[in-house]
Each structure stands twice: as structure tokens, then as C-alpha cells.
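Any value given below was found using the heavy atoms of this structure, including those in side chains, with hydrogens, waters and symmetry copies removed.
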Amino acid sequence: MALDDVKLEITRSAEQKAAAIMAEADAEVATIMEAAEQEISATKAKEDKRLAESIERLKRQELSSAELESKKIVLAKKKEILNRAFGETLAALENASDADKIQVYKKMVSSAAAVISNPKVYVPADCGASAADLGASEVIKSDKISAGIILENDDGTLQIDMQYSTILQSIWDREMKSLSDILFR
């Protein structure tokens with residue numbers, strides 16, 4: 001029986017070693033699994049944070065984009081209103097009665113007398129004013145002028161453009177900020 005005892009002892013010893021190895025393997029597996037879980041958890045937390053930041057950034061970008069688009073629409077509408085105001089103002093000046101236009105043209109000629117005395121005056125083709133009406137040396141009718149006048153000295157070296165569109169554009173450019181403030185308070 002001694003052989004059976006030895007065999008039993010070897011088997012028991014082998015089983016104990018196997019159990020110890022299995023316990024050690026189980027402990028190592030548990031350690032590896034715990035480390036993997038911690039790494040997965042840390043990576044997930046990091047990715048969740050990155051995702052939240054990305055979502056917040058996209059929200060801010062979308063909001064900024066919407067605000068910019070809104071401002072573009074408002075500015076386009078304001079520009080449209082300003083252009084319409086310019087056009088209506090010019091149309092009102094161009095559609096004044098002939099008598100009113102002649103009076104204004106006469107004042108324009110007299111206000112420019114210090115620069116050009118006794119000028120040639122270019123007027124719109126449909127204007128009925130004479131040189132005597134305007135206080136000028138000559139009146140020349142032109143299809144290129146819609147309303148207003150152009151003054152020219154005798155030798156043609158100096159011209160003063162007093163067309164309504166030119167004067168209005170000059171005032172418009174100079175006073176755009178004030179006009180905008182008045183219209184869009």
C-alpha cells in the first residue's frame with residue numbers, strides 16, 4: 001500500500017499545485033480584467049468628455065452661424081430699404097415740375113458763378129429752359145442727362161457736374177451713417 005499512498009500523495013500534491021496554479025491564473029485573469037475595465041472606463045470617460053465638448057462646440061458654431069445669417073438678412077434688408085429710399089428721392093427730384101427744375105437750375109448756375117462765370121449749361125433734352133432763364137452763355141440739351149445740369153467754362157477745360165444723381169450720390173456717400181441712424185433707430 002505504500003505505493004498507493006505515494007501515488008495518492010503525488011496526485012494530491014499535483015492537484016494542490018494545479019489548484020494553486022488555477023488560483024494564481026484566476027487571480028491574474030481578475031487583475032487583467034480589472035485593469036482592462038479601468039482602461040475601458042477611463043477611455044470611455046475621455047471619449048464622453050470629448051464628445052460633450054464636440055457637441056458644445058457644434059452648438060456654439062451653429063448658434064454663431066445662425067446669428068451671422070440673421071445679421072446678413074437684416075443688413076440686406078436695410079440695404080434694400082436704403083437703395084429704395086435713394087431711388088425714390090432721386091425720382092422725386094427728377095419728376096419735379098419744369099418750372100421748379102428751372103428755378104433750381106438757375107440757383108445752381110448762380111451758386112457756381114464764382115468758379116465759372118457765364119457758363120455753358122448742359123440740360124436734359126426735355127428741358128425748356130433758355131440761356132437767359134438760367135443766366136448762362138449757352139444752353140445745350142443732352143440725352144445723357146436725366147435731371148440736373150452740367151456747367152462748363154468757355155474753353156471746355158472745367159466742368160461742374162450738378163446732375164441730381166451725382167449730387168444725391170455725393171451726399172448719400174458722405175452721410176450714409178447718419179441716414180442709416182435716422183432710418184434704423
Side-chain angles (χ1 to χ4, degrees), residues 46-185:
K46 184 178 175 184
E47 287 301 313
D48 286 349
K49 181 180 177 186
R50 194 174 65 82
L51 178 63
E53 289 171 352
S54 293
I55 289 171
E56 189 59 36
R57 184 177 58 251
L58 286 173
K59 283 180 184 177
R60 284 192 310 268
Q61 287 174 346
E62 200 60 35
L63 182 60
S64 292
S65 179
E67 287 173 352
L68 182 61
E69 188 62 29
S70 174
K71 286 179 182 181
K72 279 183 182 179
I73 291 169
V74 169
L75 287 174
K77 200 53 148 168
K78 284 181 177 181
K79 184 176 180 184
E80 179 185 320
I81 291 168
L82 288 170
N83 288 339
R84 188 172 64 224
F86 180 91
E88 289 174 3
T89 302
L90 183 59
L93 290 169
E94 290 175 340
N95 295 327
S97 70
D98 286 341
D100 288 342
K101 286 181 186 176
I102 290 171
Q103 262 187 332
V104 172
Y105 295 167
K106 185 174 183 177
K107 288 178 184 177
M108 288 175 164
V109 170
S110 68
S111 70
V115 179
I116 301 176
S117 60
N118 206 25
K120 288 188 249 180
V121 179
Y122 293 86
V123 297
D126 63 350
C127 181
S130 67
D133 292 337
L134 301 180
S137 65
E138 180 181 1
V139 169
I140 302 166
K141 296 184 184 234
S142 173
D143 289 334
K144 295 179 181 178
I145 300 173
S146 61
I149 60 175
I150 296 176
L151 304 173
E152 185 177 84
N153 65 356
D154 290 335
D155 61 4
T157 57
L158 179 63
Q159 277 191 342
I160 299 175
D161 186 347
M162 298 181 93
Q163 295 177 77
Y164 289 163
S165 60
T166 304
I167 294 169
L168 185 57
Q169 187 66 53
S170 174
I171 292 168
W172 197 260
D173 292 343
R174 186 179 65 238
E175 299 296 329
M176 178 56 76
K177 172 86 171 95
S178 300
L179 292 169
S180 183
D181 288 347
I182 290 169
L183 290 173
F184 305 113
R185 286 184 208 197

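Rounded to the nearest 0.5 Å, atoms CG (D100) and CG (L93) are 11.0 Å apart. The structure places CD1 of I145 at 9.5 Å from SG of C127, a figure rounded to the nearest 0.5 Å. Of the inter-residue distances, the one linking S64 atom OG with R57 atom CZ reads 12.5 Å to the nearest 0.5 angstrom. Taking CG of N118 as the start and OG of S137 as the end, the distance is 4.5 Å to the nearest 0.5 Å. Here the OG atom belonging to S170 is positioned 9.5 Å from the CD atom belonging to E175, to the nearest 0.5 angstrom.
Here the closest heavy-atom approach between residue A112 and residue L151 is recorded as CB-CD1, 3.3 Å. The minimum heavy-atom distance linking V121 with A136 is given by the pair CG2-CB, 3.3 Å. For G135 against P119, the heavy-atom pair with the smallest separation is O-CD, 4.4 Å.
For the ring pair (Phe, Tyr, Trp, His ring centres under 6.0 Å) condition, the pairs that include at least one residue of residues 70-90, sequence neighbours left out, are F86-W172. For residues 111-137, there are no ring pair (Phe, Tyr, Trp, His ring centres under 6.0 Å) pairs, not counting sequence neighbours.
E53 has no carboxylate O lying under 4.0 Å from a charged side-chain N of R50, or vice versa, which leaves the two without a salt bridge.
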Run the side-chain donor-acceptor check on residues 157-164: report pairs under 3.5 Å with partners two or more places apart or on a different chain.
residue: T157; atom: OG1; partner: N153; partner atom: ND2; Å: 2.9
residue: T157; atom: OG1; partner: D155; partner atom: OD1; Å: 2.7
residue: Q159; atom: NE2; partner: E152; partner atom: OE2; Å: 2.8
residue: D161; atom: OD1; partner: Q163; partner atom: N; Å: 3.0
residue: D161; atom: OD1; partner: Q163; partner atom: NE2; Å: 3.1
residue: D161; atom: OD1; partner: T166; partner atom: OG1; Å: 3.4
residue: D161; atom: OD2; partner: Q163; partner atom: NE2; Å: 3.2
residue: D161; atom: OD2; partner: T166; partner atom: OG1; Å: 3.1

Only pairs under 3.5 Å count here: list side-chain donor-acceptor contacts from residues 66-84, not counting sequence neighbours, and write none if there are none.
residue: K77; atom: NZ; partner: E80; partner atom: OE2; Å: 3.4
residue: N83; atom: ND2; partner: K79; partner atom: O; Å: 3.4

Report, one line per pair, each donor and acceptor closer than 3.5 Å where one atom sits in a side chain of residues 101-109; sequence neighbours left out.
residue: K101; atom: NZ; partner: E94; partner atom: O; Å: 2.5
residue: Y105; atom: OH; partner: G148; partner atom: N; Å: 2.9

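In this structure S65 satisfies the side-chain hydrogen bond (donor to acceptor under 3.5 Å, both in side chains) test with no other residue, sequence neighbours excluded.
Residue-environment remark: CG (D173) exceeds the threshold of 12 foreign heavy atoms within 6.0 Å.
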